[in-house]
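The next block holds one structure in the form of C-alpha cells; read it before the comments.
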Amino acid sequence: MEGSSQRLVLGMNTGDGRQTPPGELRTPTEEGEEQRIPEELEHLNQANEEINRVELQLDEARTTYRRILSESARKLNAQGSQLGNCIEKARPYYEARRLAKEAQQETQKAALRYERAVSMHNAAREMVFVAEQGVMADKNRLDPTWQEMLNHATCKVNEAEEERLRSEREHQRVTQLCQQAEAKVQSLQKSLKRVIVKSKPYFELKAQFNQILEEHKARVTSLEQQVAQAKMRYSVALRNLEQISEQIHARRLQRLVGRRGSPVGAEASPAVLYGSMALPPEPASSSDTLSVLSFQTIASDLQKFDSVEHLLGLSDAASLNSDELEEREQRRNAQPHPFKHHRSISL
C-alpha cells in the first residue's frame with residue numbers, strides 16, 4: 001500500500017490467545033509492541049526458572065542450618081555435662097571478651113569518621129583561603145561570584161568543624177568504653193584463671209559452631225534476597241505483558257469504532273469512494289425508463305385534449321364570463337365524446 005506506513009499482516013498471534021483477523025491493518029506501533037511479547041515471555045520464563053531453582057537451594061540451606069543448629073546444641077550439651085559448673089563460672093569472662101571486641105570495632109569506626117571529618121574540615125578551610133584571595137584581588141573586589149563563593153566556603157567550614165567536633169567526642173566516648181571493657185577482661189582473667197582453663201574446650205567448640213551458623217545464616221539471607229529479586233522480575237514481566245495486551249486491543253477497538261463511524265460500502269458517497277475523480281451519471285434502470293415514457297405520453301395527450309380549439313369561433317375567449325363558459329361546458333358535455341378526462345385550462 002503506497003504512501004501509507006501501515007502493513008498488512010495476516011493471522012499474526014498477539015501472544016494472549018487472540019489473533020489478528022486476516023486482512024486487518026496493523027500500525028507500526030502495534031507491530032513493535034507485538035515484537036516485545038516474545039522478549040517479555042522470555043523474561044517471564046527465565047524469572048520463573050530462577051525462582052524454582054533458588055527456592056530449592058533456599059530450602060536446602062534452611063534444612064542445613066537447622067541440622068547444624070540441632071547438632072551444635074546436642075554436642076554443646078554433651079560437652080557441658082562433662083565439664084560441670086565451671087562453664088557457668090567462666091561465662092562472665094567470655095561475655096566480657098565479646099563486649100570488648102564489639103567496643104573495639106566501634107572504636108575503629110569512630111576513628112574512621114573522625115579522620116573523614118578532619119579531611120573535610122581541611123578541604124573547606126582551603127576553599128575559604130582561595131575565596132578570600134579571589135575577593136582580595138582588585139578586579140574581583142566587587143564581583144558577586146567571589147562573594148558567593150566565600151560565603152559558601154565559610155558555611156562548609158562551619159559544618160565541617162561541627163562534624164569534626166562531634167566525631168571527636170564520639171571517638172573519645174567509644175575509646176573509653178573499649179578501655180573499660182579491656183580492663184574488665186583483664187580483671188576477670190586474673191580472678192577466674194582456673195575455671196577459664198577448665199572450660200576452654202566448651203567455649204572453643206561453641207565459637208566454632210557460631211561461626212559455621214553465621215556462614216549458613218548469611219547464605220540463607222542471600223538466597224532469600226535472590227528469590228525476592230526473581231519474583232520482582234517475574235511481576236514486572238507479567239505486568240508488561242498485560243500492558244502490551246491492553247494497548248493492542250484498545251488500539252484495535254479505537255480503529256473499529258472509527259471504521260464504523262465513517263461511510264463504507266453502499267453508504268459512502270461517490271466522492272468518498274473515488275476521491276476527486278469525476279464519475280459518469282448512473283444509467284436509468286428499465287423501470288425508470290418506462291415510467292418516463294409513460295409520463296411523456298400522458299403529458300402529450302393532456303396537451304392535445306386541453307387545447308382551446310373549441311373556442312376558435314369566439315371573437316375573444318378571454319372576455320367570456322363564467323356563466324357563458326358554464327353553459328357551453330354543459331352543452332358540450334351533453335354531446336357524446338369519445339374521450340373523457342379531467343382537464344386544466346390555464347388562461
Side-chain angles (χ1 to χ4, degrees), residues 61 65 69 72 89-193 196 199-200 203-229 232:
Y65 178 80
L69 181 62
S72 63
K89 291 180 180 180
R91 193 178 298 276
Y93 166 76
Y94 289 99
E95 183 67 19
R97 283 185 59 180
R98 184 183 65 82
L99 295 176
K101 185 176 181 180
E102 292 179 356
Q104 186 178 3
Q105 293 175 353
E106 291 296 327
T107 302
Q108 293 175 356
K109 294 179 181 179
L112 291 175
R113 287 194 297 268
Y114 176 73
E115 292 177 0
R116 190 182 306 113
V118 171
S119 298
M120 293 178 60
H121 182 259
N122 293 333
R125 291 183 62 181
E126 291 179 2
M127 187 182 298
V128 169
F129 177 75
V130 173
E132 288 178 349
Q133 293 294 325
V135 172
M136 292 296 292
D138 295 335
K139 60 179 181 180
N140 297 327
R141 192 173 296 275
L142 301 178
D143 191 352
T145 303
W146 285 99
Q147 293 289 341
E148 182 67 23
M149 181 178 177
L150 179 60
N151 294 335
H152 181 72
T154 304
C155 293
K156 286 294 183 181
V157 167
N158 295 333
E159 294 175 1
E161 180 68 17
E162 293 178 359
E163 179 64 24
R164 186 183 67 81
L165 295 176
R166 184 164 53 250
S167 300
E168 184 178 3
R169 289 192 297 267
E170 180 66 17
H171 181 263
Q172 292 175 356
R173 184 184 69 82
V174 295
T175 301
Q176 185 178 1
L177 291 176
C178 182
Q179 292 174 356
Q180 293 175 358
E182 289 291 341
K184 185 176 181 180
V185 168
Q186 296 295 330
S187 175
L188 290 173
Q189 187 176 5
K190 291 180 180 179
S191 61
L192 301 174
K193 184 176 181 180
I196 291 172
S199 62
K200 185 176 181 180
F203 287 101
E204 288 181 350
L205 182 63
K206 182 179 179 181
Q208 293 177 2
F209 280 120
N210 286 337
Q211 183 177 0
I212 295 173
L213 289 173
E214 286 295 330
E215 293 176 356
H216 281 79
K217 184 178 180 181
R219 175 171 171 76
V220 169
T221 304
S222 176
L223 291 174
E224 288 176 349
Q225 294 177 355
Q226 293 181 22
V227 170
Q229 294 174 359
M232 175 133 345

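Just so you know, residue 1 is the first one in the sequence shown, and it goes up from there.
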Quick one: [atom1] on [X] to [atom2] on [Y], what's the gap to the nearest 0.5 Å?
{"X": "Asn122", "Y": "Met120", "atom1": "CG", "atom2": "CE", "value": "11.0 Å"}
{"X": "Thr175", "Y": "Gln104", "atom1": "OG1", "atom2": "CD", "value": "10.5 Å"}
{"X": "Met127", "Y": "Cys155", "atom1": "CE", "atom2": "SG", "value": "11.5 Å"}
{"X": "Lys206", "Y": "Gln211", "atom1": "NZ", "atom2": "CD", "value": "15.0 Å"}

Taking every non-hydrogen atom, the tightest pair across [X] and [Y]:
{"X": "Ala100", "Y": "Val185", "result": "CB-CG2, 4.0 Å"}
{"X": "Met149", "Y": "Val130", "result": "CE-CG1, 4.3 Å"}
{"X": "Val174", "Y": "Thr107", "result": "O-OG1, 3.2 Å"}
{"X": "Phe203", "Y": "Ala90", "result": "CE1-CB, 4.2 Å"}
{"X": "Ile196", "Y": "Leu188", "result": "CD1-O, 3.9 Å"}
{"X": "Gln189", "Y": "Tyr93", "result": "CB-CE1, 3.6 Å"}

Find out whether [X] and [Y] are in side-chain contact, i.e. whether some heavy atom of one side chain is under 4.5 Å from a heavy atom of the other.
{"X": "Leu99", "Y": "Glu102", "answer": "yes"}
{"X": "Ser167", "Y": "Glu163", "answer": "yes"}
{"X": "Glu161", "Y": "Asn158", "answer": "no"}
{"X": "Tyr114", "Y": "Gln172", "answer": "no"}
{"X": "Gln208", "Y": "Leu205", "answer": "yes"}
{"X": "Ser72", "Y": "Leu69", "answer": "yes"}
{"X": "Arg113", "Y": "Glu170", "answer": "yes"}
{"X": "Arg173", "Y": "Gln176", "answer": "no"}

### Cationic N near anionic O, under 4.0 Å, Arg164 to Glu168
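Yes, this pair counts.
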
### Message
Under a 4.0 Å threshold between the charged nitrogen and the carboxylate oxygen, would Glu95 count as salt-bridged to Arg98?
### Response
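Looking at Arg98 and Glu95, the cut-off is met.
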
### Query
side chain to side chain contact (heavy atoms under 4.5 Å, CB included) between Lys156 and Glu159: does it pass, once the steps are laid out?
CA-CA 5 Å; Lys156 286 294 183 181; Glu159 294 175 1; 4.1 Å; yes

### Whether over 12 other heavy atoms sit under 6.0 Å from Arg91 CZ
yes

### Verdict with reasoning, Leu223 to Gln226, per side chain to side chain contact (heavy atoms under 4.5 Å, CB included)
CA-CA 5 Å; Leu223 291 174; Gln226 293 181 22; 4.1 Å; yes

### Query
When you measure from the side chain of Ser187 to the backbone N and O of Ala183, does any donor-acceptor pair fall under 3.5 Å?
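Not confirmed, Ser187 side chain does not pair with Ala183 backbone.
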
### Query
Backbone N or O of Ala218 within a donor-acceptor pair of the Ser222 side chain at under 3.5 Å?
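No; zero donor-acceptor contacts below 3.5 Å.
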
### Task
Under the side chain to side chain contact (heavy atoms under 4.5 Å, CB included) rule, what do Glu115 and Leu112 come out as? Steps first, then yes or no, please.
CA-CA 5 Å; Glu115 292 177 0; Leu112 291 175; 4.2 Å; yes

### Message
Could you go through Glu106 and Leu177, starting from their C-alpha distance and side-chain angles, then the distance that decides it, and tell me whether this counts as side chain to side chain contact (heavy atoms under 4.5 Å, CB included)?
### Response
CA-CA 10 Å; Glu106 291 296 327; Leu177 291 176; over 6 Å; no

